[in-house]
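Read the structure below first, then the notes.
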Amino acid sequence: MPPFDLTRRTLLTGTAVTAAAATLGGLPRPVFAQAASSLNYGISMTDVPLTTGQPDRGAGAYQFTGLTIYDPLVAWELDVADRPGKMIPGLATSWEADPADRKNWIFKLREGVKFHDGSPFNADAVIWNLEKVMNTQAPQFDARQAAQVKPRLPSLASYKKLDDMTVQITAKGVDALFPYQMMWFLISSPTQYQKVGGDWAKFAMAPSGTGPFKMGELVPRVRVELLKNPDYWDKKRLAKVDKLTLTCIPEDLSRASALLSNQVDLIESPAPDSVSRLKQAGMRLSTNVVPHVWNYHLSMVEGSPWRDVRLRRAANLAIDRDAVVELMNGLAVPAVGQVPQSSPWFGNPSFKIRYDMDAARKLVSEAGYSKDKPLKVKFIVPTGGTGQMLSMPMNEFVQQSWAEVGIALELQPVEQEVAYTAWRKGAADPSLAGISGSNVAYVTSDPFYAIVRFYSSKQIAPVGVNWSHYKNAEVDALCDQINATFDPAEQDKLLAKVHEKVVDDAVQVWVVHDVYPHALSSKVKTYTQAQHWFQDLTTLS
Amino acid sequence: MIFYIVRRVLYSIPIALSVGLVCFLLVYISPGDPISAIAPPDAPAEMITQLRRDYGLDKPLPEQFAIWLGRVVQGDLGRSLSTGRPVWGEVSVALKNTVSLAVAACTLAFAIGTLLGGLAAAFRDTWVDRIAMTFAVAGVSVPHYWLGMLLVAVFAVTFPLAPSMGAGPGGTFVWDWAHLPFLILPMVTLSAIPLGLVARTVRGTVIEILHQEFITTLRGKGLRSGGILLHVAKNAAPSVLAVMGLQLGYLMGGSILVETVFSWPGTGFLLNSAIFQRDIPLLQGTILVLALLFVALNLVVDLGQALLDPRIKR
């Protein structure tokens, strides 16, 4: 006899009580619906980027808490999708290098602009903001913001106010690319800083800029609300939604699930394998070519096998980029150079990067290697992370392709931060002994970020990020010329010449460009996706 | 009993200190530069050196540990490298969310696990036993992040019955009707492992007790099932309590995977973020608080066991 009496009646009663508790208890159905003029955007960041002015978490964060709450002096044109955007006036209406001394840049400031707190924008505000990030002795100096923007202002030497609406910023040398650097520099309100007691931590919770959105509630690591600024100075760029909530959902599948269950209205960077499911559920996919490249930097330090251009070219020829795009479920475009072919800086390289295994085998054989006697190399690769796309599957794809032509690639997978640390150190660093390649994908948004920092020998790591230690006198001369050329069209031509040269030299192995996919529910009526890593969230409606 | 409590509390002090040392050193063993939490990837060497100096990361490790310990003893866990916010503020908010989730998951696991284990023991070697143990084994065996994704796919996407992410309005969990739906899926996911363990423990313990002579005596004296159940429960409680205490401790540590899958803003989510950003103060502070919590919880469980079974005190 069992020690307890379990009858059918007991079981049924128990079940009924449990069911009643669960249903009659009245657990409310989750309320996901948003007000008509609000959107909830699932972003891939683990935390809301810094809200004090200069966002942290990389270039991708500028679109979230940078260009929404704040404005730069010089802006990107982000409301066009069919061509790369240009430099346009932001809080400065014009800028020019002083003909008397080309190192001095004169910025004329926009009249009538007010910060969200009502205080006026003027030259004092610009100087105060420059002090905020450049002068460690200034009371408003903020090491956190300085760390974000100072590396992006490498040419800035000094600054002064000329009158209430004019500032002069002096570069370290003649640098025609200087205005591009100013696009990273955003202006916060000095008055609001004083109002919150001169405390950047408090300012972060109640920020004030001149941007198209004011900040609403901020829940660290969870979400931030951006509220339309109806008094925004650029009426063409008024926000189309009253409230835009940015919700941090770092996990790819969770982001897709949140969209599918209507908890958010759009997401960035859906996982490639979730694309078909999202489309089936009626979501729209928005993509565009962006200045970003997934590539390998090859070491050219003494003793590296990659000093042989034949091997560098073979490595480029032995990759079926269309197959990589297929692996990415279409969320990439083949890269046959540092910048997309639509870029004015692409030029016309004589080395045409294509998929040609026979040509690759021939070059490897000429260099003294074969499938039976392979060239053995080891690359440091990130396991994943922002901008790294499907890092490991893509690396393994390349590894298999290269094995076919006689290049035995050993992968050393590390976390993204470790890969960045190695990237900053450069190929000659003793900690990277035995490593002859680095796989860090990055933004190539402006001439310095796309070209100069990688190919000028003045930028050899750890000074800059010329990881490879690439030195080419002709390229160096062209880079110097670019810095001294103030005509944008002429500048483009010189950049194209550098690009042609580095493609011909096969300085890197270029694989794909990102298309920065977004998945949008039917609630999102309009969204202009620029050919840029930054996006203009005011175009969302 | 007082002597026992004092002895157990004293044992906890060296454990807490060791935990402090280990969690300080652990984060330095892993590769990567903590300055990555602050500087962009392409920051020049000169700036990296300056930042390292500003944040005291250029000092020798023992000196850094002494400074850190000195602050921790005064209750200051420092500021997050990445956000600049006080670590204690970050940890306390996350801990509140994780504790809510852990308590809910443990309560569910304890209720269902005890029920399943009790039924399996009472109906040993029958279909009831087999079904109950199938659930228990499945609970222990299924990877919980996978179960989480499955639950999201079924109950949030296909049949939108519960939200798939977040802790509800306001971003922080509070015990009210508006937030409860957000608890359901992570709670069910997290309860799977403790549920299985409790069910198996209860079954094994109850079977063992049911075969003891005093049960035969009780039955021989004519005690009914209800009365026998009380005796069985009291004798099984210390073992089950020990398992539940440990499980609650594990769950309070936060599950990095489950909290990431559900974007639940708890300590697991916080640790995930701190690890990937190399945010050393945040990592050290979070691990320390969790480890101390675990030590405290073990202490409470030990004392609870001693109360239930006086033999343990000896």
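Values in this document were obtained by computation on a predicted structure and should not be read as measured data. Every chain is numbered from 1, with letters handed out A, B, ... down the list of sequences. Hydrogens, waters and symmetry mates play no part in the numbers below; they use all other heavy atoms, side chains included.
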Worksheet, complete the sentence: So, the part of B/Ile215 with a heavy atom under 4.5 Å from chain A: the answer is neither
Worksheet, complete the sentence: Smallest heavy-atom separation, B/Phe262 atom then A/Ser254 atom, equals N-OG, 4.5 Å
Item to complete: Find the distance between CG (A/Asp47) and CZ (B/Phe269) and round it off to the nearest 0.5 Å.
Response: 8.5 Å
Response to the item:
Max heavy-atom pairs within cutoff under 4.5 Å with chain A, candidates B/Arg85, B/His179, B/Arg79, B/Arg124, goes to B/Arg85
Discussion item. Under a 4.5 Å cutoff for heavy-atom pairs, which residue among A/Arg453, A/Arg57, A/Gln416, A/Gln459 has the most contacts with chain B?
Written reply: A/Arg57
Discussion item. Please check if the number of heavy atoms outside A/Tyr449 that lie under 6.0 Å from its OH is greater than 12.
Written reply: yes
Practice prompt. Output the distance between atom OG (A/Ser257) and atom CG (B/Leu185), rounded to the nearest 0.5 Å.
Written response: 10.5 Å
Worksheet item: Using non-hydrogen atoms only, which part of A/Arg221 is less than 4.5 Å away from chain B: side chain, backbone, both, or neither?
Response: both
Practice prompt. Verify the neighbour count for atom NZ of A/Lys202: are there more than 12 heavy atoms of other residues, nucleotides or ligands below 6.0 Å?
Written response: no
Response to the item:
When every non-hydrogen atom of B/Ser263 is compared with those of A/Ile249, the smallest separation belongs to OG-CG2, 3.3 Å
Worksheet entry | Interatomic spacing from CG in B/Leu161 to OG in A/Ser261 - rounded to 0.5 Å | 11.5 Å
Practice prompt. Identify the two heavy atoms, one from B/Val157 and one from A/Arg277, that lie closest to each other, and give their separation to 0.1 Å.
Written response: CG1-NH2, 3.2 Å
Worksheet, complete the sentence: Shortest non-hydrogen pair, B/Gly171 vs A/Val219, comes out as CA-CG1, 4.3 Å
Worksheet item: Does any heavy atom of chain A fall under 4.5 Å from the side chain of B/Met149, the backbone, both, or neither of them?
Response: side chain
Worksheet entry | Closest-packed option against chain B by number of heavy-atom pairs under 4.5 Å, given A/Pro151, A/Pro154, A/Pro250 | A/Pro151
Fill in: Atom CZ of B/Phe135 with >12 non-hydrogen neighbours under 6.0 angstrom
no
Item to complete: Please determine, among A/Ala461, A/Pro220, A/Ala143, the option with the most heavy-atom pairs under 4.5 Å with chain B.
Response: A/Pro220
Discussion item. Under a 4.5 Å cutoff for heavy-atom pairs, which residue among B/Asn272, B/Val152, B/Thr260 has the most contacts with chain A?
Written reply: B/Thr260
Worksheet item: Where on A/Arg152 is there a heavy atom nearer than 4.5 Å to chain B: the side chain, the backbone, both, or neither?
Response: side chain
Worksheet item: Which answer fits A/Val465, side chain, backbone, both or neither, if we ask what part of it has an atom under 4.5 Å from a heavy atom of chain B?
Response: side chain
Worksheet entry | Heavy-atom pair with the smallest gap, counting every atom of A/Arg223 and B/Pro169 | NH2-C, 4.3 Å
Discussion item. Donor-acceptor check, side chain of A/Arg144 to backbone of B/Leu81, threshold 3.5 angstrom: yes or no?
Written reply: yes
Item to complete: Looking only at non-hydrogen atoms, find the nearest pair between B/Ser273 and A/Thr46 and report the distance.
Response: OG-OG1, 3.7 Å
Discussion item. Taking every non-hydrogen pair under 4.5 Å, which of B/Thr172, B/Leu270, B/Val93 racks up the most with chain A?
Written reply: B/Leu270
Item to complete: Give, as side chain, backbone, both or neither, the part of B/Thr49 having an atom under 4.5 angstrom from any heavy atom of chain A.
Response: neither
Worksheet item: With a 3.5 Å cut-off and no angle check, do the side chains of B/Ser164 and A/Gln263 form a donor-acceptor pair?
Response: yes
Discussion item. Counting only heavy atoms from other residues, nucleotides and ligands, does the tally under 6.0 Å from NZ of B/Lys234 exceed 12?
Written reply: no
Discussion item. Does any backbone or side-chain atom of A/Thr247 lie under 4.5 Å from a heavy atom of chain B? Answer side chain, backbone, both or neither.
Written reply: side chain
Worksheet item: Side chain, backbone, both or neither: which part of A/Ala146 has an atom under 4.5 Å from a heavy atom of chain B?
Response: backbone
Practice prompt. Starting from the C-alpha separation in whole Å, work towards a yes-or-no answer on side chain to side chain contact (heavy atoms under 4.5 Å, CB included) for A/Glu251 and B/Leu257.
Written response: CA-CA 10 Å; A/Glu251 217 281 317; B/Leu257 293 170; over 6 Å; no
